[in-house]
Amino acid sequence: MLYRIMAIPMSNILDSLNFIIEVHAFTLTALTSAWCDSGDRSSQGLHPVKSRKVVGQEMSHQLQRRLRLYVDFMSQPSRAVIIFSRCNNLPVELQMVFIHKGETRSPEYLARNPLGKVPLLEDPGAVCSGEATGRDGCFRLPESAAIISYLSYKFPELVTEHWYPRSDPVQRARVDAALHWYQGNIRAGAMRLSFHKVVAQRLGLKGDEQVAADGLKTLKLALSSLEEYWLAGESRIFMTGPQPCAADLLCACELEQLRMLKAQLHGTSLEEILAPYPHVQAWRQRVKQACDPHYSDVHTVLVKAAAVGPSSKL
């Protein structure tokens with residue numbers, strides 16, 4: 001199934017340009033090889049000339065093996081994985097799946113990811129066996145933290161160690177601990193609050209005020225832990241060290257979703273929630289600065305959604 005691509009300023013244009021550059025580079029390599037191998041050069045130890053058909057088949061095979069990332073820019077974990085991919089210049093092709101249109105529950109998407117969630121990574125070139133491999137032989141991986149970890153190992157020459165350490169087991173354990181904590185604390189609180197206060201209404205659903213209140217309580221406890229433990233009263237620049245890791249990015253993107261809260265309409269706002277936590281506020285700015293321009297670019301859709309009226313549909 002082909003999904004409609006959302007027009008995102010610059011970001012998708014850059015993805016397209018990178019994709020075109022890869023195609024042209026592959027073509028140039030193939031044509032150069034063919035030219036160098038033409039004529040009576042077999043005695044020089046050069047490879048035999050490849051036919052246009054063979055070159056075309058190799059190009060097609062390489063492009064088919066390109067990694068695909070199924071995302072929605074309104075999804076917090078999706079945004080984190082997109083930013084991570086762009087910060088590290090990874091050869092990942094984005095495929096848009098719109099949650100508000102029910103596309104994550106479509107038969108076509110559920111055949112790819114029975115969990116019906118985004119993000120989802122597809123790696124046609126992975127060598128594996130078991131349930132993770134579909135009938136087409138393509139490896140599919142859900143869950144944002146797992147995707148970031150997988151990409152870190154798959155592209156060690158591109159992904160710097162601070163995002164997800166590969167060589168230092170102690171530092172990797174620290175990042176893993178932060179990722180586990182994020183799921184049950186920052187995400188558990190912020191997601192329930194934003195969904196039941198704002199998102200449900202925009203999807204035509206009725207939010208549960210008690211669930212939202214519980215989410216806010218969980219979030220405040222999480223922010224206290226982020227302020228006092230993970231940032232150690234700002235003596236630590238990022239959650240696990242002097243440079244951002246995967247947990248920093250996931251937590252920051254989760255908090256960004258609270259931009260949609262309006263104090264006069266929902267009883268609270270992002271600014272009011274973060275007011276008691278000055279170190280968290282400063283940390284958010286450091287994460288943004290470390291990941292810009294990609295951080296700002298990827299959040300463009302969310303910023304626009306937050307700016308429109310509360311009754312507007314997503």
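Numbers here are sequence positions counted from 1.
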Inset, instruction - Say whether, by atom type as modelled, one donor and one acceptor occur between the side chain of R192 and the main chain of T218 under 3.5 angstrom. - result: no
Legend entry - E161 side chain near R166 side chain, heavy-atom distance below 4.5 Å: yes
Legend entry - F84 versus N88, closest heavy-atom pair with distance: O-ND2, 2.9 Å
Inset, instruction - To the nearest 0.5 Å, tell me how far Q257 CD sits from M260 CE. - result: 6.5 Å
Legend entry - Nearest non-hydrogen partners of Y182 and P77, listed with the distance: OH-CG, 4.2 Å
Inset, instruction - For Q171 and T240, indicate whether the former's side chain and the latter's backbone hold a donor-acceptor pair under 3.5 Å. - result: yes
Inset, instruction - Quick one: do E103 and Y109 satisfy side-chain contact (heavy atoms from CB on, under 4.5 Å)? Show the steps, please. - result: CA-CA 7 Å; E103 292 181 352; Y109 187 73; 6.0 Å; no
Inset, instruction - Give the ring-plane orientation class for H100 versus F98, where under 30° counts as parallel, over 60° as perpendicular and anything between as tilted. - result: perpendicular
Inset, instruction - Examine distances only and state if a side-chain atom of S149 and a backbone atom of A145 form a donor-acceptor pair shorter than 3.5 Å. - result: no
Inset, instruction - Apply salt bridge (Lys or Arg N to Asp or Glu O under 4.0 Å) to E143 and K117, showing your working. - result: CA-CA 8 Å; E143 296 298 325; K117 305 290 185 180; over 6 Å; no
Inset, instruction - Look only at the side chain of D248 and the backbone of C245, and say whether a donor-acceptor pair between them is shorter than 3.5 Å. - result: yes
Legend entry - Backbone N/O of P244 and side chain of H162: donor-acceptor pair under 3.5 Å: yes
Legend entry - CA sep, side-chain torsions, deciding dist, call: L193, L261, side-chain contact (heavy atoms from CB on, under 4.5 Å): CA-CA 9 Å; L193 176 60; L261 292 171; 3.8 Å; yes
Inset, instruction - Return the minimal non-hydrogen interatomic distance between Q281 and L274, and the atom names on each side. - result: NE2-O, 2.8 Å
Inset, instruction - Measure the shortest side-chain to side-chain distance between Q201 and H196 over non-hydrogen atoms and say whether it is less than 4.5 angstrom. - result: no
Inset, instruction - Evaluate the side-chain contact (heavy atoms from CB on, under 4.5 Å) criterion for residues E122 and Q95: first the C-alpha distance (whole Å), next the side-chain angles of each, then the deciding distance (0.1 Å), finally the verdict. - result: CA-CA 10 Å; E122 283 188 344; Q95 295 287 333; over 6 Å; no
Inset, instruction - Check whether any side-chain heavy atom of I83 sits under 4.5 Å from a side-chain heavy atom of L249, and report yes or no. - result: yes
Inset, instruction - Quick one: pull up CZ in R187 and SG in C251 and give me the separation to the nearest 0.5 Å. - result: 11.0 Å
Legend entry - Sub-6.0 Å ring centroid separation between Y150 and F139: yes
Legend entry - Heavy-atom check, side chain of Y164 versus side chain of L151, under 4.5 Å: no
Legend entry - Cluster link L120 to I99, ILVMFWY, side chain under 4.5 Å: yes
Legend entry - Side chain proximity check, H299 to C253, heavy atoms < 4.5 angstrom: yes
Inset, instruction - May I ask whether L216 and L255 are part of the same hydrophobic cluster, defined by side-chain heavy atoms of I, L, V, M, F, W, Y residues being less than 4.5 angstrom apart, directly or through others? - result: yes
Legend entry - N113 side, atom CG; R140 side, atom CZ - distance, nearest 0.5 Å: 9.5 Å
Legend entry - Lys/Arg-Asp/Glu bridge criterion (N-O < 4.0 Å) met for E93, R68: no
Inset, instruction - Supply the atom-to-atom distance L94 CG to Y70 OH, rounded to the nearest 0.5 angstrom. - result: 11.5 Å
Inset, instruction - Verify whether the ring centers belonging to W230 and W181 lie closer than 6.0 Å. - result: yes
Legend entry - Backbone of A306 reached by a side-chain donor or acceptor of K262 within 3.5 Å: yes
Inset, instruction - Would you check if the side chain of E227 reaches a backbone N or O of V280 as a donor-acceptor pair within less than 3.5 Å? - result: yes
Inset, instruction - State plainly whether one hydrophobic cluster holds both L115 and M74, where clusters connect Ile, Leu, Val, Met, Phe, Trp and Tyr through side-chain heavy atoms under 4.5 angstrom apart. - result: no
Inset, instruction - Give, for atom CG of D72 and atom OG1 of T104, the distance between the pair rounded to the nearest 0.5 Å. - result: 8.5 Å
Inset, instruction - Kindly give the heavy-atom pair with the smallest separation between I147 and L121, and that separation in Å. - result: CD1-N, 3.9 Å
Inset, instruction - Answer whether the closest heavy-atom distance between the side chains of M96 and F73 falls below 4.5 Å. - result: yes
Legend entry - Heavy-atom donor-acceptor pair, Y277 side chain to K220 backbone, under 3.5 Å: yes
Legend entry - L90 side chain reached by L67 side chain, heavy atoms, under 4.5 Å: no
Inset, instruction - Could you pull out the closest heavy-atom pair between R202 and A305, with the gap in Å? - result: NH1-O, 2.7 Å
Legend entry - Single-linkage hydrophobic cluster Y229~V175, side-chain heavy atoms < 4.5 angstrom: yes
Legend entry - L270 side chain reached by R284 side chain, heavy atoms, under 4.5 Å: yes
Inset, instruction - Walk me through it: do V92 and V81 pass the test side-chain contact (heavy atoms from CB on, under 4.5 Å)? - result: CA-CA 10 Å; V92 175; V81 178; over 6 Å; no
Legend entry - Donor-acceptor under 3.5 Å (S106 side chain, G102 main chain): no
Legend entry - Flag, side chain of R86 to backbone of I82, donor-acceptor distance under 3.5 Å: no
Legend entry - Between CG on residue D297 and SG on residue C291, distance to nearest 0.5 Å: 12.5 Å
Inset, instruction - Search all heavy atoms of P165 against all heavy atoms of R172 and return the closest pair with its distance. - result: O-CD, 3.1 Å
Legend entry - Cluster link M191 to L221, ILVMFWY, side chain under 4.5 Å: no
